[in-house]
Amino acid sequence: MSIQLTRRDDFAVITLDRPAALNALNYATLQAIDEALDEVAAWKVRALLFTGCGDKAFCAGADISELLDRDIPDEYVGTRLGQSVFSRIESFPVPSVAAVNGYALGGGCELALACTFRVGTSSAKFGLPEVKLGLVPGYGGTQRLPRLVGVAAALDIVLTGRMVAADEALRIGLLHRIVHGDVIEAAMAYARGFTGHSMLAMRLIRDAVLRGVDTSLQDGLRIEADLSTISMNSEDGKEGPRAFIAKRAPRILDR
Ligand code: HXC
């Protein structure tokens, strides 16, 4: 198998498992991630974590050897599979955390960009080196990177194809945290900072932010008003204020 899917506490963990190719995303791996998402959707977990097998790479990108192979399906060459799987991760019911150990290049960087959060060790290195192959990034990098770090920084990264080390990634907002020790343990510790919250509220907030950045302020405010109203009418949205007034912890109702 090109990935491992495991369950740890409240978390589903997808580990890219092709260390001999630095966990490059071949067609089978993208399909396996897609199938793993089907499985995880039926689990009661509170976050989805991604990492790479071995200590050298999170993921070195699309499998370059397959880019030469014209027998593989058009949906892979034409980037549609990668884009659709990564968009699925971005809007997945539970938040996702990329636990970045080493290289996150090309499609590997794009996988991390699609996650809600990115934590990484000091060995984390991001980059979109496709330009050096004469290619345009194809799994969302040209769109998600400028939304995260701004157009100027994104153009610098995409057009030079250079690597961004962990400290710079933290400074420009590509990494949320630099972590120490076992990257999955550290990612789970980071995720515990939000897994006690209402899953519904978090889902609505992510929806408001992601839809809002693609629209005008006025339209974004309308989206926020609609989603905020849904939260106020939800059981969690009634329980939270009740618990505050009663000076007790809220019971989380949406498990
Ligand atoms: C296939 C890869 C790979 C990749 C590494 N390998 N990256 N195989 N696809 N993306 C393989 C190498 O061929 C090698 O196999 C083994 O992994 C170890 O890699 P080395 O290069 O020997 O390691 P090192 O010298 O330490 O260099 C690490 C590296 C380098 C800097 C990460 O491997 C590298 O530059 N990789 C390519 C990164 C890249 O360009 N990614 C973007 C891909 S295009 P052997 O068998 O020789 O041991 C993309 C989108 C395409 O993502 C557009 C949409 C379809």
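Both ligands and their constituent atoms are indexed starting at 1 by order of listing. Values below: all heavy atoms of this structure, side chains included; hydrogens, waters and symmetry mates excluded. No experiment lies behind these values; they were computed from the predicted model shown.
Residue Leu128 is not grouped with residue Met163 when hydrophobic side chains (ILVMFWY) are merged at heavy-atom distances under 4.5 angstrom, including chains of intermediate members. In this structure, Ile230 is not a member of the same hydrophobic cluster as Leu210, with clusters built from ILVMFWY side-chain heavy atoms closer than 4.5 Å.
Residue Leu105 approaches ligand 1 through these ligand atoms, each under 4.0 Å from one of its heavy atoms: 32 (C), 38 (C). Near Gly106, meaning under 4.0 Å from one of its heavy atoms, ligand 1 places the atoms 42 (C), 52 (O). Near Gly61, meaning under 4.0 Å from one of its heavy atoms, ligand 1 places the atoms 52 (O).
Closest to atom 55 (C) of ligand 1 by heavy atom, among Leu135, Leu67, Leu81, is Leu67.
Residue-level proximity to ligand 1 for Ala60 is carried by backbone and side chain together, each with a heavy atom below 4.0 angstrom. With a heavy-atom cut-off of 4.0 Å, Leu133 touches ligand 1 through its side chain alone. Looking at Glu130 against ligand 1, only its side chain comes within 4.0 Å, counting heavy atoms.
What sits closest to atom 6 (N) of ligand 1 on the protein, heavy atoms only, is Ala21 O, 3.8 Å. Ranking the protein heavy atoms by distance from atom 19 (O) of ligand 1 puts Leu22 CD1, 3.7 Å first. Ranking the protein heavy atoms by distance from atom 53 (C) of ligand 1 puts Val136 O, 3.9 Å first. Here the heavy atom of the protein found nearest to atom 54 (C) of ligand 1 is Thr79 CG2, 3.8 Å.
For atom 10 (N) of ligand 1, the nearest protein heavy atom lies closer than 4.0 Å. Counting protein heavy atoms under 4.0 angstrom from atom 22 (O) of ligand 1 gives zero. For atom 13 (O) of ligand 1, no protein heavy-atom neighbour is present inside the 4.0 Å cut-off. Distance remark: protein heavy atom present below 4.0 angstrom from atom 44 (S) of ligand 1. Within a 4.0 Å radius of atom 30 (C) of ligand 1, the protein contributes no heavy atom. Protein heavy atoms come within 4.0 Å of atom 40 (O) of ligand 1. Distances from atom 36 (N) of ligand 1 to the protein include no heavy-atom value under 4.0 Å. When distances from atom 27 (O) of ligand 1 to the protein are checked, no heavy atom turns up under 4.0 Å.
Salt-bridge check for Arg211 with Glu224: failed, with every basic side-chain N at 4.0 Å or more from each acidic carboxylate O. Between Asp63 and Arg18, at least one side-chain nitrogen of the basic residue sits less than 4.0 Å from a carboxylate oxygen of the acidic one, meeting the salt-bridge criterion. Here Asp9 pairs with Arg192 in a salt bridge; the nearest charged N to carboxylate O distance falls below 4.0 Å.
Judged purely by distance below 3.5 Å, without hydrogens or angles, the side chains of Asn26 and Thr29 pair a donor atom with an acceptor atom. Side-chain polar atoms of Arg144 and Ser87 form a donor-acceptor pair below 3.5 angstrom.
Judged by the shortest distance from any of its heavy atoms, Ala20 lies inside the 4.0 Å radius around the atoms of ligand 1. In this structure, Pro129 is part of the shell of residues with a heavy atom less than 4.0 angstrom from ligand 1.
Residue Gln83 places its CD atom among more than 12 non-hydrogen atoms of other residues, nucleotides or ligands, all under 6.0 Å distant. Heavy atoms of other residues, nucleotides or ligands lying less than 6.0 angstrom from CZ of Arg222 number 12 at most. Environment of CG in Asp226: crowded, with over 12 heavy atoms of neighbouring residues, nucleotides or ligands closer than 6.0 Å.
Within the 3.5 Å criterion, the main-chain N or O of Tyr27 finds a donor-acceptor partner in the side chain of Glu66.
Atoms SG and NE2, from Cys115 and His176 in turn, are 10.5 Å apart once rounded to the nearest 0.5 Å. The distance from the CG atom of Leu204 to the OG atom of Ser228 is 9.0 Å, given to the nearest 0.5 Å.
Checked against a 6.0 Å centroid threshold, the rings of Phe58 and Tyr103 do not count as neighbours.
Of the N or O atoms in Lys56, one or more lie within a sub-3.5 Å distance of an N or O in ligand 1. For ligand 1, the polar-atom distance check finds an N/O of Ala62 within less than 3.5 Å of one of the ligand's N/O atoms. Between Ile64 and ligand 1, a contact under 3.5 Å exists for at least one N or O pair.
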